[in-house]
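Have a look at the structure below, then the notes.
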Amino acid sequence: MLAIIGGTGLTKLANLSITRRQVVRTPYGDPSGALTFGEINGHDVVFLARHGYGHTLSPHEINYRANLWALAQQQLTGIVGVASVGGIRADLAPGKLIVPDQIIDYTWGRKHTYFEGVGKSVTHIDFTQPFSSSLREMILSASISLVDPVLDGGVYACTQGPRLETAAEIRRIENDGADMVGMSGMPEACLARELGVPYAILAVVANWAAGKNDSTQKIHLHAANEVVAIAMQKVHKILECMSGVCAV
Ligand code: HPA
């Protein structure tokens with residue numbers, strides 16, 4: 001079964017026929033909400049709204065450990081994290097979809113590992129390739145029928161938020177090698193890896209990042225919300241087409 005973590009603009013799945021909801025308690029506290037089980041296009045999926053079903057949790061307030069733990073208790077083939085981002089790279093205009101292949105973590109103070117605390121042995125997971133290549137491929141092949149192709153590969157920079165970045169911060173992040181900037185990819189990606197669950201991000205470009213193109217003076221958030229709402233129709237199509245089993 002595929003798990004979908006919905007971000008901004010995706011608090012529920014339009015094409016999901018819901019079979020049940022389940023409140024899951026974890027040793028790490030409560031997830032952002034109940035897990036929603038159902039079917040899309042005949043395939044079992046479980047859905048979780050990352051920011052809560054009423055979109056009340058900021059990226060730094062999300063209990064990522066509880067979310068990932070709750071999902072990993074299910075019989076999962078993988079987790080697709082849908083996340084909105086600001087576009088830094090010249091081809092990442094608002095409305096584009098992209099499946100990143102690398103990530104840089106600028107967050108701080110988030111609970112980002114299961115390997116801590118009394119009695120836990122020191123564990124270093126490999127994170128050279130942070131995303132599941134087979135799950136990435138699945139997303140990309142599910143998107144093949146879209147008129148505007150989903151872009152394959154790019155570096156996702158994860159900032160702390162909830163404020164957006166300064167233009168200088170984006171210049172620095174770009175110099176670091178990032179192509180897009182979001183606030184929720186970490187620690188989601190590394191926790192999934194610690195749990196051994198295949199994970200990939202389907203990123204929706206909501207706006208130009210601070211200082212880029214029409215965001216030179218400010219980021220127009222109202223326009224960004226509209227862009228995301230339209231792009232989510234493409235996301236729904238992609239999720240409809242996805243099925244199968246993948247490896248980490
Ligand atoms: N910065 C960080 N996160 C984001 C942005 C941005 O410009 N747009 C959507 N999520």
Side-chain angles (χ1 to χ4, degrees), residues 4-11 32 48-52 54-62 64 67 80-110 112 130-131 139 148 150-151 153-190 199-236 238:
I4 298 155
I5 301 179
T8 301
L10 193 70
T11 49
S32 301
L48 177 63
R50 186 187 284 119
H51 300 276
H55 206 269
T56 50
L57 297 168
S58 273
H60 68 292
E61 295 176 312
I62 292 165
Y64 295 93
N67 284 356
V80 177
V82 179
S84 70
V85 294
I88 299 175
R89 208 170 73 195
D91 60 340
L92 290 182
K96 291 278 181 189
L97 301 186
I98 178 162
V99 181
D101 62 352
Q102 279 293 331
I103 196 161
I104 302 176
D105 190 4
Y106 297 94
T107 68
W108 46 269
R110 299 184 182 187
H112 63 286
F131 302 116
I139 301 172
D148 193 12
V150 175
L151 298 164
V155 179
Y156 177 116
C158 191
T159 55
Q160 175 72 354
R163 69 164 176 85
L164 293 158
E165 300 72 33
T166 65
E169 285 171 333
I170 291 298
R171 279 199 299 277
R172 171 192 164 206
I173 288 170
E174 186 175 23
N175 283 337
D176 285 353
D179 300 306
M180 71 205 91
V181 57
M183 296 177 190
S184 58
M186 289 295 282
E188 210 167 84
C190 65
Y199 174 87
I201 290 177
L202 173 55
V204 177
V205 183
N207 55 278
W208 287 110
K212 296 281 171 192
N213 292 280
D214 68 356
S215 298
T216 328
Q217 293 309 314
K218 67 177 292 192
I219 292 176
H220 303 277
L221 290 172
H222 186 68
N225 290 338
E226 281 173 20
V227 166
V228 170
I230 293 167
M232 281 307 162
Q233 293 166 13
K234 292 193 273 182
V235 170
H236 281 123
I238 294 169

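Whatever order the structure lists them in is the order used to number ligands and atoms, beginning at 1. One is the number of the first residue; the rest follow in order along the sequence.
When only non-hydrogen protein atoms are considered, atom 10 (N) of ligand 1 lies nearest to S84 O, 3.3 Å. Counting only heavy atoms of the protein, atom 2 (C) of ligand 1 lies nearest to E165 OE2, 3.2 Å. The single protein non-hydrogen atom nearest to atom 6 (C) of ligand 1 is L164 CD2, 3.4 Å, given as residue, atom name and distance.
Pairing each heavy atom of C158 with each of M186, the nearest pair is SG-N, 3.4 Å. Contact between T8 and H55 at its shortest, heavy atoms only, is OG1-NE2, 3.3 Å. Listed here is the closest heavy atom pair of V205 and G87: CG1-N, 3.7 Å.
With S58 contributing its side chain and E61 its backbone, the two residues share no donor-acceptor pair below 3.5 Å.
When the side-chain hydrogen bond (donor to acceptor under 3.5 Å, both in side chains) test is applied to D91, the partners found at least two apart in sequence or on another chain are R89.
Residues F131 and I103 meet the side-chain proximity criterion, which asks for heavy atoms closer than 4.5 Å.
Residue W208 places no N or O, backbone or side chain, under 3.5 Å from any N or O of ligand 1. For ligand 1, one of its N or O atoms has an N or O atom of N207 under 3.5 Å away.
With a 4.0 Å cut-off on non-hydrogen atoms, V181 touches ligand 1 through its backbone as well as its side chain.
Comparing A210, G86, A203 against atom 5 (C) of ligand 1, the shortest heavy-atom distance belongs to G86.
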